[in-house]
Enquirer: 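After the structure tokens below, expect a handful of questions from me.
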Amino acid sequence: MKLIIATRNEYKLQEIKAIFDFQGLEVLSAFDFPEIPDVVEDGDTLEANAIKKAVTLAKSTGCWALADDSGLEVHALGGAPGVYSARYAGEPCSYSNNNDKLLRELADESDRTAQFRTVIALSDPEGNSQTLEGVCAGTIIKELHGTNGFGYDPLFVPEGYIETFAELDSEVKNRISHRARALQKVQAFWSELLK
Ligand code: ITT
């Protein structure tokens with residue numbers, strides 16, 4: 001059976017491939033379907049965007065599809081940037097501009113707690129979908145540290161660690177992250193489905 005990972009984010013794709021056990025599945029991604037346009041992520045929630053991405057790819061390809069929509073939720077900012085994490089500093093989207101804006105917004109804040117949230121949507125070829133979620137709590141530090149990972153990783157120190165996700169080995173991030181936690185649930189759901 002084929003499973004399409006509905007992303008064109010190379011970092012995210014590598015993390016999903018490292019975390020999820022795709023045994024017996026032929027794994028493809030949105031990169032294998034250049035003729036299918038990018039899905040416009042105009043939902044108000046991570047759930048809505050994840051479902052839109054998974055269902056669009058599943059229906060256009062006739063295969064099962066898995067989509068991940070993730071965001072950083074900062075408590076002192078009322079949960080922002082949240083679903084708008086990719087475009088936090090406006091267009092064109094840039095990780096560096098987003099991180100700079102986050103540091104500016106938190107300049108006078110003593111509460112720097114935050115969490116990453118991932119919602120994974122799985123869609124069958126007809127567009128019936130299911131979502132599962134994972135959260136990773138941590139804090140936002142005051143300057144960029146590390147070069148691994150992507151997005152807000154150089155500013156995010158997960159709870160129980162002193163290094164950012166961008167300093168930690170990818171093996172550690174892929175064990176404790178929001179994405180790992182969501183994918184563990186997807187793995188259990190998928191195993192049940194195959195029974
Ligand atoms: P796709 O929609 O193609 O999957 P995307 O880059 O648009 O890729 P998201 O909408 O899920 O991905 O993510 C929104 C932003 O959240 C993303 O641009 C990053 O800045 C940030 N982000 C997501 N996951 C992250 C992670 O694991 N570490 C750091 N930042 C992350």
Side-chain angles (χ1 to χ4, degrees), residues 4-20 28-34 36-57 65-74 77 79-103 114-123 131-141 144-158 161 163-183:
I4 323 289
I5 305 176
T7 186
R8 289 196 173 101
N9 178 326
E10 188 60 56
Y11 301 98
K12 188 192 274 190
L13 181 60
Q14 289 317 319
E15 288 189 6
I16 293 172
K17 284 184 170 174
I19 297 165
F20 197 79
L28 299 170
S29 78
F31 289 118
D32 296 304
F33 300 92
I36 299 176
D38 274 341
V39 171
V40 179
E41 296 184 43
D42 53 4
D44 290 338
T45 61
L46 298 176
E47 285 77 8
N49 285 336
I51 290 170
K52 188 173 181 190
K53 288 189 274 190
V55 168
T56 303
L57 251 285
L66 178 159
D68 160 322
D69 205 54
S70 301
L72 177 69
E73 300 171 344
V74 181
L77 303 177
V83 70
Y84 305 109
S85 291
R87 292 161 275 154
Y88 189 39
E91 305 277 352
C93 301
S94 137
Y95 294 150
S96 156
N97 290 346
N98 288 341
N99 283 326
D100 287 348
K101 177 168 178 186
L102 181 59
L103 287 176
Q115 61 186 23
F116 275 118
R117 182 189 302 277
T118 289
V119 175
I120 304 267
L122 255 185
S123 172
T131 59
L132 294 147
E133 180 180 290
V135 168
C136 180
T139 52
I140 305 299
I141 56 169
L144 300 160
H145 281 184
T147 53
N148 297 334
F150 67 103
Y152 300 94
D153 280 347
L155 290 177
F156 185 85
V157 174
Y161 291 80
E163 301 101 334
T164 65
F165 265 156
E167 292 177 296
L168 289 165
D169 199 85
S170 63
E171 183 272 326
V172 178
K173 181 181 178 193
N174 290 338
R175 190 154 34 82
I176 65 167
S177 76
H178 42 298
R179 185 159 294 111
R181 288 180 179 148
L183 284 168

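All residue numbers refer to positions in the sequence shown, counting from 1. Everything numeric here is computed off the predicted structure, so don't read it as measured data. No hydrogens, no waters, no symmetry mates; every other heavy atom, side chains included, goes into these values. Order of appearance sets the numbers: ligands from 1, and atoms from 1 within every ligand.
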Enquirer: Quick one: are D68 and K12 in side-chain contact, heavy atoms under 4.5 Å?
Expert: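 Result yes, sub-4.5 Å side-chain heavy-atom pair found.
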Enquirer: Taking only heavy atoms of the protein into account, state which residues are under 4.0 angstrom from an atom of ligand 1, in chain and number order.
Expert: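 Correct list: T7, R8, N9, K12, E41, K53, D68, D69, S70, S85, A86, Y95, F116, F150, G151, Y152, D153, K173, H178, R179.
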Enquirer: Go through the side-chain N and O atoms of S70 and R179 and say whether any donor and acceptor fall under 3.5 Å apart.
Expert: yes
Enquirer: Any heavy-atom pair between the side chains of L77 and Y88 that's under 4.5 Å?
Expert: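 With C-beta onward as the side chain, the pair touches.
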Enquirer: Considering residues, nucleotides and ligands other than D44, do more than 12 of their heavy atoms fall under 6.0 Å from its CG?
Expert: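 Counting neighbours around CG of D44, 12 or fewer heavy atoms of other residues, nucleotides or ligands fall under 6.0 Å, so no.
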Enquirer: Please assess S170 against N148 for the test side-chain contact (heavy atoms from CB on, under 4.5 Å), listing each intermediate value before the final yes or no.
Expert: CA-CA 7 Å; S170 63; N148 297 334; 5.9 Å; no
Enquirer: Between D153 and K173, is there a side-chain N and carboxylate O pair less than 4.0 Å apart?
Expert: yes
